[in-house]
Each structure stands twice: as structure tokens, then as C-alpha cells.
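Structure first, then comments.
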Amino acid sequence: MANGNDHGNDNDNDNDKGMVRCCSCFSPFAVAVAVASCQLPVASCQLPRRYHLPNAMPLSYTSSMNIERILIADVLANVEVGAEVTIGGWTRTVRASKGGFSFISLNDGSCMDCIQIVADKALANYESEISHLTTGCSLLIDGVVVESPGKGQRVEMHAKEVRVIGLADAETYPMQAKRHTFEFLRTQAHLRTRTNTFGAVARVRSAMAGLIHDYFQSRGFLYVHTPLITASDCEGAGELFRVTTMDPDAPPRDDAGAIDYSQDFFSRPTYLTVSGQLEAETYACSLGNVYTFGPTFRAENSNTPRHLAEFWMIEPEMAFCDLQTDADLAEDFLKNIFAGILNKCPSDMEFFNKRIDKTVIDTLTHIAESPFERITYTKAIEILEKADCQWQFPPAWGIDLQTEHERYLTEETFKKPVIITDYPSSIKPFYMRLSDDGKTVAAMDVLVPKIGEIIGGAQREERLDVLTERMAAQSMDAEDYWWYTDLRKYGTVPHAGFGLGFERTIQFATGMANIRDVIPYPRTPRSADF
RNA sequence: UCCCCGAUAGCUCAAUUGGUAGAGCGAGCGGCUGUUAACCGCUAGGUCGUAGGUUCGAGUCCUACUCGGGGAGCCA
């Protein structure tokens with residue numbers, strides 16, 4: 001066997017049970033080749049008796065080549081007993097025994113579970129280093145996978161070498177091996193991903209992003225990168241952040257004393273985008289079905305568990321499409337990604353179901369399997385007016401639905417997602433298509449229990465005359481949107497789309513109560529730390 | 001932005017309706033242990049968010065501010 005110091009550089013190819021021989025592949029791009037080369041005859045393989053998995057990454061950290069760091073997720077699930085592997089991670093708890101050995105629970109973020117390392121006092125640095133380990137230290141461990149006599153784990157690891165890479169002073173390290181409130185962890189956002197909850201949120205968020213791309217890519221949607229800086233200042237979606245290079249203390253001024261934006265970077269006032277929709281429409285009206293997936297900015301002074309100043313939004317846009325198909329897509333899309341996340345992150349989802357919200361798995365399963373309710377706004381108002389409820393805001397046709405109304409519909413009346421369509425034109429933006437009744441527009445909102453509006457969408461107004469009338473009615477200058485109206489002037493086409501709040505989707509899927517806990521570094525009024 | 005609640009040890013909280021602060025966890029040390037949020041013992045650790053005010057005396061009452069949480073609005 002390799003001794004503890006050369007990290008697998010031995011080439012003696014013995015036949016230890018469970019060892020797998022394979023060629024090295026230090027480029028992550030060569031995974032397929034490497035896996036294939038594992039089929040080579042043993043004699044042709046010059047490399048160490050190391051377990052090789054597609055997820056293994058070369059340990060470029062060390063100068064000794066031929067080492068690969070195996071993910072703990074793989075060790076726990078796939079690596080067979082007897083194999084020697086190298087893992088790296090951060091200690092969660094260390095239970096030291098003065099008698100002879102220590103148990104180290106190590107987590108590397110690849111999965112919810114930690115692997116238990118048994119470190120014997122025979123190790124060279126046992127007294128000097130291992131017996132002093134505390135929560136949060138980073139380690140590289142070389143050892144053999146063995147069956148675990150303890151409960152709750154298939155295997156554990158007997159360390160052959162424990163390299164202490166970084167210590168964490170227990171006196172000051174904020175992440176104690178105990179329960180912390182989310183409020184406290186928000187103040188330690190750079191370290192909170194070392195907890196079970198935030199590790200799981202990060203994995204689910206990443207998986208969810210992948211599922212969303214998969215959904216659209218596999219259906220022929222084109223991914224469009226719409227600009228983050230915009231000059232459109234009145235899309236009606238909220239307050240905008242200004243983008244400028246002017247000195248706030250001494251902005252250039254014109255003869256009349258007004259701020260002279262012609263001297264600003266873009267020679268005009270510019271802002272961070274509140275939506276990529278208008279630009280996405282232009283791509284849809286030449287390339288068919290498209291989607292955006294990127295950050296969005298709202299300068300609204302919103303202080304709620306459902307609002308961020310910077311959040312991510314997904315906005316599909318489809319040509320030759322009406323409201324019904326738009327709603328069909330929204331429903332199919334949500335079902336698909338919720339079923340997908342249950343399938344892709346089972347242990348993280350079990351964690352959320354056990355520790356965060358005991359109903360999430362049932363809820364997501366139910367959503368994936370049963371049809372959404374679809375009602376018109378008019379019908380929704382009827383239901384609310386008949387409801388035996390003391391409304392803080394009595395429902396009435398022409399007034400937008402309040403939070404209490406949305407929750408009543410999703411949580412009391414239907415107990416599932418509800419798609420509400422055909423809102424009064426007076427409460428919806430200019431670009432939504434005016435219906436034949438002249439009073440409503442082809443809008444749809446998807447409401448879900450607890451979160452409320454998760455999707456807002458519409459069939460777009462494709463008739464030039466109606467569009468310009470509606471712009472004028474909302475005191476907009478159509479000239480500013482000449483490129484948008486051009487779509488209706490040249491080869492106009494019915495089209496529709498919607499916007500999905502990414503963080504609200506993750507909130508719903510995980511049961512996390514506060515949106516600030518499902519984005520790495522939340523930006524909210526008076527808060528832009530990290 | 002509006003309404004409500006909160007701020008006490010590193011973290012989570014308590015302090016009998018004004019009499020100069022306690023617990024659990026965490027940490028340090030010791031003991032014990034195939035342990036797994038281990039267990040047992042000892043020790044250290046706080047000018048009670050900030051600034052004023054009332055009072056012989058304020059963690060406790062009053063005012064303002066800051067920060068945090070919940071609800072509402074705006075929305076995704």
C-alpha cells in the first residue's frame with residue numbers, strides 16, 4: 001500500500017479488494033476518456049490504486065500528481081468497502097477520545113450527510129494536530145473505506161493520513177455545532193453555507209437552475225441574454241436603480257441648472273433593468289420561442305420575506321402563442337421542475353420536509369400530479385364576494401387582488417395553485433393584449449399557497465393601433481419604444497410569455513420562509529453586505 | 001413607506017410588574033466513552049442596542065434613533 005506521504009504514487013498494482021485501477025485524467029474535460037480507459041487491461045495502467053469516479057477532481061492543490069479528491073457523496077453512496085480514497089472538507093464535529101482515537105464528521109458540500117472519519121492515535125500528527133481539531137477546520141484525508149459498525153451510515157473511513165489544511169479558532173468561529181437562527185446566520189452569510197440548511201438550499205438552487213435550462217433547452221427554446229442596463233424608465237414594473245458615472249456631489253449641469261445627462265456615460269439617464277421581457281419579445285418575434293434567465297433589479301422599498309432588490313427571473317416568450325397556451329406552458333413548466341427537484345435532490349428535500357416544512361414533499365408531489373385550477377379574475381371576485389370572511393380589503397371588480405384574497409383562493413377554496421386570467425385592463429401594464437370585451441386584458445397570474453404570485457404573464461398586444469393607444473393612455477411616449485412598436489409594424493404576430501421569480505420558486509420548493517435565505521447574498525433596503 | 005413585536009454572555013433565552021444580572025448550548029481544562037447535536041465535573045465570559053430623560057435607585061418606566069423579525073402596500 002502507499003504510505004501516508006506519497007499520496008498514491010505507488011504503481012505496484014496489487015490486488016487489494018475493492019481497489020480500482022485506472023488512468024489519470026486531470027482535466028475535467030477528459031472524464032469520458034478516463035472512464036473509458038478504466039476498461040484498459042491492468043498491465044497498461046501505470047497509475048495508482050485509486051477509486052475513480054466521474055465526479056472526482058484532480059487535487060491540483062498538491063504538487064504530487066495522481067491524486068484525485070473524491071466527493072463525500074460518492075464515498076457514502078458508491079465507493080465500495082476496501083477502497084482507498086482521498087477526500088477533503090470541513091469538520092462539522094470532532095469527538096475526540098483521549099483513549100485512542102477521534103471521530104471526525106467531515107462535510108464537503110457534495111451532499112447533506114457527513115462522512116465519519118476514524119483517526120487513530122497511531123497517526124503521526126495525532127497528538128500535535130488531530131486531537132486539537134475543532135468545528136470548521138479544513139482537512140485532506142487519505143484513508144480506507146470500511147463498513148461502519150455505528151448507526152446511520154453505510155460506511156466510514158479509517159484515516160491513513162490526516163492533513164490539516166486550515167484551522168478554525170473555536171473561540172471565535174461563529175458556526176458552532178448547534179442550532180442557529182436564520183437571522184443570525186444572515187449576519188454570517190459567508191459561512192452559513194457550512195450548515196445543513198444552507199448547503200441544501202445551495203444544492204437545490206443549483207439543481208433548480210439546471211432543471212429550468214433543461215426544460216427550455218429540450219423544448220427548443222433559445223436562451224437569450226437581455227441587457228441589465230436599460231434606458232426604458234417606465235416599464236411599469238417598479239422603481240428603478242439609476243446607473244451613472246456622474247459625481248453625485250457635483251453632477252454636470254446645463255445652462256438652466258438641470259442635471260445634464262448628455263455628459264453621463266450613456267449620454268442619457270439609464271437604469272438597472274426591471275425585466276428583460278420587452279427585449280425577449282424582439283427575439284421571440286424572429287426566432288420563435290425564447291427564454292431569459294438572469295438578474296433583475298427593483299428599487300422598491302419592500303420589506304417582506306418575499307421581496308429582494310436584486311433577484312433572478314425566468315421569462316419565456318413564445319411566438320404564435322395565445323393566453324391559453326401560455327398558461328399551459330406555465331403549468332407544465334412548474335410541474336416539471338417541482339417533480340424534477342424531488343427526483344434530483346431527494347435527500348436535501350427530505351431534510352427540508354423534516355426540518356423546515358413538513359408539507360413540502362406532499363405539496364410538490366400533489367402539484368406535479370394534479371391539474372391547476374383556472375378561473376377568470378371576474379370569477380375570482382365572485383368567489384371572494386361570497387366568501388364568509390372579514391376582509392381587510394373588501395374585494396370588488398376593478399381592484400387588484402390583495403394578499404388575503406390570493407391566500408384565500410389558494411389555501412382555502414382550491415388548496416392548490418390557481419391560474420387567474422383576464423384581469424381588468426386598468427390594473428395591468430400597457431403591453432397586455434386587450435380582449436374583445438374592451439375591459440379586460442389577456443393576463444394570467446399563477447398563485448401558489450403561502451408565496452402568492454409566483455408567475456405573472458400575458459398574451460402581448462400585437463395590434464399596433466391598440467398598443468399605441470394604451471401607451472398614450474398610460475402617459476407613455478411611443479417614440480421611446482420605437483423598436484418595440486416596430487415589432488407590430490413589421491410582421492406582427494400573436495405572442496405570449498410570463499415571468500417567474502426564481503427565488504420564490506426555490507422558497508416554495510424548499511419551504512424556506514424568508515426569501516433572504518434562498519439567495520447567497522440578499523440585497524434588500526438598507527442591506528447590501530458581503 | 002405604514003402598523004405591531006423585539007434588542008441582556010459567542011449563540012438561544014430568563015430575570016418574581018424599579019432594588020446594581022442567571023440558565024442551556026458553545027468555549028477552556030479535567031474525566032469517561034465505537035462515538036455520531038455524546039456524557040459528567042470545574043472554570044472563564046455581560047458597562048443589559050445607542051443617546052437622552054424620570055427616579056434615592058432603571059435590564060425593567062418615558063422619548064428619539066439604529067438594527068432585526070412579523071403583517072400590509074408595491075411586485076416576481
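We name chains A, B, ... by the order of the sequence lines, and we start the count at 1 in each one.
In this structure, Phe352(A) has no ring-ring contact (aromatic ring centres under 6.0 Å, His included) partners at least two apart in sequence or on a different chain. Arg154(A) meets the side-chain contact (heavy atoms from CB on, under 4.5 Å) test with no other residue; sequence neighbours excluded. With sequence neighbours excluded, no residue forms a ring-ring contact (aromatic ring centres under 6.0 Å, His included) with His366(A). In terms of the side-chain contact (heavy atoms from CB on, under 4.5 Å) criterion, Ser206(A) has no residue partners (sequence neighbours excluded). Among residues two or more places apart in sequence or in another chain, the side-chain contact (heavy atoms from CB on, under 4.5 Å) test is passed with Leu133(A) by Val94(A), Ile104(A), Ile130(A), Cys137(A), Leu139(A), Val164(A), Leu167(A).
Listed by first then second residue, pairs satisfying side-chain hydrogen bond (donor to acceptor under 3.5 Å, both in side chains) with a partner in residues 390-405 of chain A read Thr378(A)-Trp397(A), not counting sequence neighbours. Screening residues 185-211 of chain A for salt bridge (Lys or Arg N to Asp or Glu O under 4.0 Å) gives Arg186(A)-Asp517(A), Arg192(A)-Asp517(A), Arg203(A)-Asp348(A), Arg205(A)-Glu503(A) as the qualifying pairs, with residues at least two apart or on separate chains. For residues 157-180 of chain A, every residue pair satisfying the ring-ring contact (aromatic ring centres under 6.0 Å, His included) rule, not counting sequence neighbours, is listed here: His180(A)-Phe184(A). Applying the side-chain hydrogen bond (donor to acceptor under 3.5 Å, both in side chains) rule to pairs touching residues 518-530 of chain A yields nothing, sequence neighbours excluded.
Near RNA chain B, defined here as any heavy-atom distance below 4.0 Å, the residues from residues 397-420 of chain A are Gln402(A), Thr403(A), listed numerically.
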Dot-bracket assigned to RNA chain B with the 3.5 Å Watson-Crick/G-U criterion, [ ] for crossing and | for other-strand pairs, is (((((((..((((.....[..)))).(((((.......))))).....(((((..]....))))))))))))....
Polar atom pairs between nucleotides 5-11 of chain B and protein, under 3.5 Å, N or O only, would you list them?
from: rG10(B); atom 1: N2; to: Gln176(A); atom 2: OE1; distance (Å): 2.9
from: rG10(B); atom 1: N2; to: Gln176(A); atom 2: NE2; distance (Å): 3.4
from: rG10(B); atom 1: N3; to: Gln176(A); atom 2: NE2; distance (Å): 3.1
from: rC11(B); atom 1: O2; to: Lys178(A); atom 2: NZ; distance (Å): 2.4

